[in-house]
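Here the structure is laid out as structure tokens; the discussion comes afterwards.
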Protein chains: 2
Amino acid sequence: MTRDANRSATRATAPTFSPLYRQIKDFLIGSLERGEWGPGDAIPSEGELAQRFNVSQGTVRKAIDEMAAENLLVRRQGKGTFVSTHSDPRSFYRFLRLLPDDGVAVPSASDPFYCENVSATPEVAAALGLQPGDPVIHVKRLLRFAGETVVFDQIYLAADLFSGLTLEALRGGERSLYSLFESDFGVRMINAEERLRAIAADPESADLLGVAVGDPLLLVERTAYTYGNKPVEWRRGLYCTRNHYYRNDLG
Amino acid sequence: MTRDANRSATRATAPTFSPLYRQIKDFLIGSLERGEWGPGDAIPSEGELAQRFNVSQGTVRKAIDEMAAENLLVRRQGKGTFVSTHSDPRSFYRFLRLLPDDGVAVPSASDPFYCENVSATPEVAAALGLQPGDPVIHVKRLLRFAGETVVFDQIYLAADLFSGLTLEALRGGERSLYSLFESDFGVRMINAEERLRAIAADPESADLLGVAVGDPLLLVERTAYTYGNKPVEWRRGLYCTRNHYYRNDLG
DNA sequence: AAGTGGTCTAGACCACCGT
DNA sequence: CGGTGGTCTAGACCACTTG
């Protein structure tokens with residue numbers, strides 16, 4: 001992280017222009033990837049980082065500002081800057097967009113009932129960047145809102161990252177799935193992309209969700225990424241939208 | 001915008017703490033609301049604003065930074081800072097999340113076929129903050145992707161803001177709907193919230209979209225807001241997701 | 001009181017855009 | 001070239017949290 005690294009780069013090849021705050025941000029992201037600070041930990045103060053990098057505090061601030069905007073860090077005035085965690089209730093509803101038609105959000109209950117090692121189908125392999133046949137973990141679960149079964153999720157995880165995952169661990173407690181991944185496997189989901197479609201209920205889903213075969217269901221396919229935009233989870237969720245809706249804000 | 005407005009506010013009532021950059025931001029937003037700068041116009045330079053408000057350039061920068069992050073302004077290095085506009089292709093796909101299963105985004109064609117003044121139903125009135133029976137404009141249109149009819153939209157607009165809207169104007173040209181609202185009626189959509197559900201196709205929609213009655217369709221209800229979070233449009237869209245999907249990024 | 005993030009300043013220089 | 005936004009500095013003071 002030497003100063004003036006750009007200006008001295010008068011090579012013939014195209015130089016890699018990158019402002020100081022960007023280099024600091026990249027360094028901090030690298031530290032997160034390497035797990036040097038765990039979720040919920042405080043990172044060094046702005047002043048200390050400024051000294052360590054020999055830059056002004058404002059430059060460190062700009063790097064942290066961007067990371068806070070990307071939900072990688074959380075600032076807390078008077079206390080410090082902390083690594084984001086899925087245990088934080090504030091970041092809980094970021095990955096669950098389902099709300100009841102009337103009234104406010106109610107805590108949902110997760111009921112996993114299947115967890116096996118299987119071979120990746122071509123579809124799953126493509127989503128996770130694996131080869132068909134590679135080992136993956138297949139989880140099935142239901143989500144209930146106020147007693148009503150609303151979601152049937154089928155979740156596929158790269159087996160190398162989550163080896164040892166069992167149904168018992170999943171049934172654990174009140175923690176969210178991503179919270180468990182984070183604490184038990186050191187895999188932090190920082191990003192996800194969902195693709196939504198309306199489809200007709202198949203017999204298995206209809207049975208689990210208490211609807212008739214052929215009834216319309218909201219299909220939500222999600223690819224979730226960890227640091228470096230590496231896909232580590234793919235899931236196929238069927239949402240019963242009789243009394244709930246999927247909310248999306250177009251900023 | 002006097003300096004130290006906070007510190008001198010030693011009243012008994014709870015003072016309204018607000019940093020300088022926020023006051024400047026509020027002023028700029030007010031100017032946008034009052035239409036002092038139209039979509040696509042350049043706002044005064046950072047230096048000029050700093051002089052005008054008797055603050056440093058960095059303070060103005062922070063105000064503009066936030067507004068750029070909220071898509072209200074667009075910065076262009078070397079040129080200036082400009083009021084966002086829906087004519088800008090970059091902000092086009094912010095309000096249309098539908099993509100074809102295979103291949104890249106294709107320009108969509110809008111085909112409006114109905115535009116009448118009607119009385120607001122209770123549902124529409126509630127969404128637009130009106131009284132049931134108040135006048136609204138009801139528009140129906142189809143959206144085609146590469147020749148395939150994919151969306152059936154029913155759009156409701158507060159009549160006072162869009163009086164004079166005709167089918168002919170809607171059929172106008174290649175401009176997006178929000179681009180037309182912006183240039184012809186001075187109403188800029190800055191924000192929207194969508195609620196998604198899966199439902200069974202009714203006869204009218206099935207006919208328009210070329211599917212069977214009862215087939216699953218994606219229902220997308222949108223409330224769009226202009227400055228001051230004032231709702232000005234409510235729409236009910238039915239999306240045929242046979243060959244397309246609704247994409248959502250969970251940041 | 002000490003330490004943290006939050007705001008603000010005044011000035012410097014760089015990168016980009018137009019003429 | 002002049003004007004614009006983009007980066008960076010060094011230092012000041014404020015607001016919040018904790019001991």
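Atom set for the values below is all heavy atoms of this structure, side chains included, hydrogens, waters and symmetry mates excluded. Since the model is a prediction, treat every value here as computed from it, not as a measurement. Order of the sequence lines fixes the chain letters, A, B, ..., with proteins taken first and strands second; residue numbering starts at 1 for each chain.
Note that Arg188(B) lies outside the cation-pi zone of Tyr227(B), set by a 6.0 Å cut-off to the ring centre and a 45° limit from the axis.
Between the P atom of dA15(D) and the CG atom of Leu20(B) lies a distance of 12 Å, rounded to the nearest Å. As a whole-Å value, the separation of Lys25(A) NZ from dT7(D) C1' is 15 Å. If you take CZ of Phe82(B) and C1' of dG18(C), they are 11 Å apart, rounded to a whole angstrom. Rounded to whole Å, the distance from CD on Gln51(A) to P on dT4(C) is 10 Å.
Residues forming a salt bridge (charged side-chain N to carboxylate O under 4.0 Å, His left out) with Asp26(A) (at least two apart in sequence, or on another chain): Arg22(A). Checked against salt bridge (charged side-chain N to carboxylate O under 4.0 Å, His left out), Glu193(A) has the following partners two or more places apart in sequence or in another chain: Arg195(A), Arg247(B). Every residue meeting the side chain to side chain donor-acceptor pair (under 3.5 Å) condition with Glu194(A), not counting sequence neighbours, appears here in chain and number order: Arg222(A), Tyr246(A). With sequence neighbours left out, the salt bridge (charged side-chain N to carboxylate O under 4.0 Å, His left out) criterion links Arg197(B) to Asp101(A), Glu221(B). Residues forming a side chain to side chain donor-acceptor pair (under 3.5 Å) with Lys25(A) (at least two apart in sequence, or on another chain): Glu66(A), Glu70(A).
Contact between the side-chain N/O atoms of Ser56(A) and the OP1/OP2 oxygens of dG11(D) is not found at any separation under 4.0 Å.
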Give every pair of a protein N or O atom and an N or O atom of nucleotides 3-6 of chain D that lie under 3.5 Å apart, one pair per line with the distance.
residue: dG3(D); atom: N2; partner: Gly78(B); partner atom: O; Å: 2.8
residue: dT4(D); atom: O2; partner: Gly78(B); partner atom: N; Å: 3.4
residue: dG5(D); atom: OP1; partner: Thr81(B); partner atom: OG1; Å: 3.3
residue: dG5(D); atom: OP2; partner: Glu46(B); partner atom: N; Å: 2.9
residue: dG6(D); atom: OP2; partner: Arg61(B); partner atom: NH1; Å: 3.3
residue: dG6(D); atom: OP2; partner: Arg61(B); partner atom: NH2; Å: 3.1
residue: dG6(D); atom: OP2; partner: Arg75(B); partner atom: NE; Å: 2.7
residue: dG6(D); atom: OP2; partner: Arg75(B); partner atom: NH2; Å: 3.4

